[in-house]
Each structure stands twice: as C-alpha cells, then as structure tokens.
There are 2 protein chains.
Amino acid sequence: MSIDVGGHLKAVRMMYGLSQRELAKRAGVTNGTISLIEQNRVSPSVSSLKKVLDGVPMSLADFFTLDLQETPQVFYARDELADIGDRDVSLRLVAAKRTNRAMTIMHERYRPKADTGADMLSHKGEEGGIVLTGHIELTVGGQSRVLGPGDAYYFASAVPHRFRNAGDEPCEIVSASTPPTF
Amino acid sequence: MSIDVGGHLKAVRMMYGLSQRELAKRAGVTNGTISLIEQNRVSPSVSSLKKVLDGVPMSLADFFTLDLQETPQVFYARDELADIGDRDVSLRLVAAKRTNRAMTIMHERYRPKADTGADMLSHKGEEGGIVLTGHIELTVGGQSRVLGPGDAYYFASAVPHRFRNAGDEPCEIVSASTPPTF
DNA sequence: GGAAGGTGTTTAGGATAATAGACACGCCCT
DNA sequence: AGGGCGTGTCTATTATCCTAAACACCTTCC
C-alpha cells in the first residue's frame, strides 16, 4: 500500500552511481540518515527528503512519479493502436496497455457534427494537441476558437472544455494529456 | 527555493471544500497537524503527508506535480508555435512560453538524412508520438524499427534513443514528452 | 445576551526522525 | 598480516514532528 520510499531512494542513488556517503555529502545530511531512510526504518520529513534529492539532483515530483519497471513495448503499428472511441469520435490510443504511463497520446478523429457534449468535460492534469486535418471548435473556460491544420492548443484539464466539429469534413488531431485519462 | 508544501496543501484542501478538521478525520490525523503543516511551521514526514493526502484522495506524485497558476494562453495558431529546431530537424513547440508545463508537445519535421546522432539521447521522463507522413527509423535501447504514417511509439526517455530519417521524403511527427525537455 | 457549533491556531508532552560517531565487513595493496 | 580506504549499519543524543486539548474567533439560533 504505502510507497517504498527507501527502496525508491536506493534505486535512484544507484542509478546515479553514488554511495550513501557521497550522496549525503552532496545533500548536506549524514550517511546514517540515508541508510535509515533506505531501510524504511524512518519516514523522512519532506524537507529532509528534498535535501537528499537536491543532492542528485531530482525533484520531489520526479521522485514520486518515477516508476521502476522493466522496458515494455516501444513500437506500435498503426493498427495496434487501441480504439476506444465511439461512432462519432475515434480515439486511437498509443501504449494503451502500458501501466503507469506518465501520459496519454492519442490519434483522434472527429466526424462532422461530432461533439463532446454541452456538459463540458473537466478532469485533472493538462492536455494539448495539434490539428492535422479539418477544423475543430474548441471551448475552454470562457474562450472559444476554431482551429485548423497546424494549429494547436494547450490547457489545464481542470478547466471545463468541449470539442465540436462544426465543419463538414472530418477533423484529425494528435493529442497528449497528463496524467493519463485512459 | 523550497516548495511551499503548506500553501500547496491548503490549496488542495480548499479545492475539495474540506475543513482542516474534516480532512483530518478522513486522513486519520489531528486537525492541529494540518494547521501546522499549512502554516509551514513543520515539514511533515512523507508518511504523514501521505496519510493526509489519502484523505483527499490524492497521490504524492500528483501533489508535487500540481502547479497552482492562473489560466494562460490556450490556443496557438500554426505560426505561433515556437520553432526550436535546426536545419535538418524542425521542432515546433506548443505552449513554449508557458512555465511549469507538465509536458512538451511538438510538431516535428525530419528532412531526408536527418539524424539525432549516433551518441544516443538520454534524459528523464517518458515520450511518445505518432508519425503523420514519411518514415522514420527509431532506435530505443537495443530495438530498432522503421515507422510509417499512423504508426506510433512510446518509451521511457532514460533509455538511450535515436531518430533517423533514412528515406528521401521528409517525415512529420507529433510527439509528446513528460516532464518537459524544452 | 449567551449557548452551540463551526472555523483555524496554539501549546505541553510524548513519539519520531536526524546527527555524530562508533562499528563491522570487504577489497586492494605493500 | 596489517594498513588504508571503501562500503552499509547501528547507537546515544539532539532536534523535530505529531498529538491531545485548550484557545480565540466567527456565525447561527433561541
């Protein structure tokens, strides 16, 4: 359940090829501290963990985001992308089966009249994308705009938003969002 | 320099409309603890901060990743994308000027013979993308593959990697990486 | 007015983490 | 063998955090 902070720190330290004492010196703490943390015999305060990570250096966000897994699938042929869309909106997802992805990358296709709905979407994280073909009307918070090929967008997903294809040709987009929503 | 954990926690608590006591109860700590943390009079241990966040609920990674800023630019016209590439590789960046982005989204264009180099790239985070036009040879760790239109990739950036356009037509890609490298 | 129930803050004491330094082991070298 | 230097671990003391309970302030209600 609870995160293995100690093992995590040890792995990070190893990745950088540092000894406990060396890291301790850079971080301005004692080697004993690092030893105790790595054994999970203590739970470091955020401030001291930050001091330790500053010696690497690595941010707290990176530390807690990092996952230590083996190397999974890298390449995905066009028809290996998982399609999770519906009739009007095709969402073709890269690395769908990969667990603990840091983000979601999708090839989206909006049919004419496709609309994500008037009750606007709202979730955590950030998302952005680039329009490939066609046009899409994007509403984010109070703002609204029609984007064409080559145009792009980026916003915090917490702000309510809506995609609508008002034209009569399909609209293709490559989008990314983090943390992953699918 | 050091993160404002207290203000951060307070903002999170407010976003969820909880009082200190209410959050304390859910988290299994005392309200005083939360008060002290929010005032930055103490730096909580990782374990207790985790307990508190479990009451929201929110992961440590999300907590440290979250940035609390006002809503910046959302829409980017095709020619507003910042081009940070060179002669052979054009990298057109979405939301270039936005600080504390969670990821980098780019429209990349590799000229024929373009190559990111034999000394392979290696940085932290994860990256992925979808090929729009042309073909690109991607090498990740030991694996190598030529990707065409619609094909995609996704991997941990820590693994050494290289992009090379071996064909005679330009190759376009939309890519995303997190945390941002540019 | 004042009691009840809400808010965040403060304080004394017990629990926990960090330090400094000792300890034990392994490796290399003369 | 015995330094010398590296590693990670342990222990007594000091520093810090967490808790329980009181405190101060606010609004609502009778």
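Residue numbers start from 1 in every chain, and the chains themselves are labelled A, B, ... in the order their sequence lines are given, proteins ahead of strands.
- The distance from atom CD1 of B:I37 to atom P of C:dT16 is 16 Å, rounded to the nearest whole Å.
- As a whole-Å value, the separation of B:L49 CG from C:dT16 P is 18 Å.
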Quiz item: Where do A:D54 and A:K50 land on the side-chain contact (heavy atoms from CB on, under 4.5 Å) test, with the steps shown first?
Solution: CA-CA 6 Å; A:D54 282 346; A:K50 180 174 193 317; 3.1 Å; yes
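- If you measure from atom CD of B:E22 to atom P of C:dG6, you get 10 Å, rounded to the nearest angstrom.
- Regarding contacts with the backbone of C:dA18, a side-chain N or O of A:S48 is found under 4.0 angstrom from either OP1 or OP2.
- A:R13 has a carboxylate O that lies under 4.0 Å from a charged side-chain N of A:E38, or vice versa, which qualifies the two as a salt bridge.
- Nearest heavy atom pair, residue B:S45 against residue A:S43, reads CB-O, 3.4 Å.
- Remark: P of D:dG8 and NZ of A:K25 are 14 Å apart, rounded to the nearest angstrom.
- B:L49 is listed as a side-chain neighbour of B:F63, based on a closest heavy-atom distance under 4.5 Å.
- No donor-acceptor pair under 3.5 Å is formed between the side chain of B:N31 and the backbone N or O of B:A24.
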Show each protein N/O and nucleotides 25-29 of chain D N/O combination with a separation under 3.5 Å, one pair to a line.
none

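- Formation of a donor-acceptor pair under 3.5 Å by the B:N165 side chain with backbone atoms of B:R111 is found in this model.
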Any protein N or O atoms within reach of nucleotides 8-11 of chain C? Criterion: under 3.5 Å, listing atom names and distances.
{"from": "C:dG8", "atom 1": "OP1", "to": "B:R13", "atom 2": "NH1", "distance (Å)": "3.0"}
{"from": "C:dG8", "atom 1": "OP2", "to": "B:Q20", "atom 2": "N", "distance (Å)": "3.1"}
{"from": "C:dG8", "atom 1": "N7", "to": "B:R21", "atom 2": "NH1", "distance (Å)": "2.8"}
{"from": "C:dG8", "atom 1": "O6", "to": "B:R21", "atom 2": "NH2", "distance (Å)": "3.0"}
{"from": "C:dT9", "atom 1": "OP2", "to": "B:Q20", "atom 2": "NE2", "distance (Å)": "3.1"}
{"from": "C:dT9", "atom 1": "OP2", "to": "B:S35", "atom 2": "OG", "distance (Å)": "3.0"}
{"from": "C:dT9", "atom 1": "O4", "to": "B:N31", "atom 2": "ND2", "distance (Å)": "2.9"}
{"from": "C:dT10", "atom 1": "OP2", "to": "B:Q39", "atom 2": "OE1", "distance (Å)": "2.7"}
{"from": "C:dT10", "atom 1": "OP2", "to": "B:R41", "atom 2": "NH1", "distance (Å)": "2.6"}

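- Closest non-hydrogen pair, A:G134 versus A:E169, comes out as CA-OE2, 3.7 Å.
- Contact detail for A:A176 and B:I105: the closest heavy-atom pair is CB-CD1, 3.9 Å.
- If you measure from atom CG of A:N40 to atom C1' of D:dG8, you get 15 Å, rounded to the nearest angstrom.
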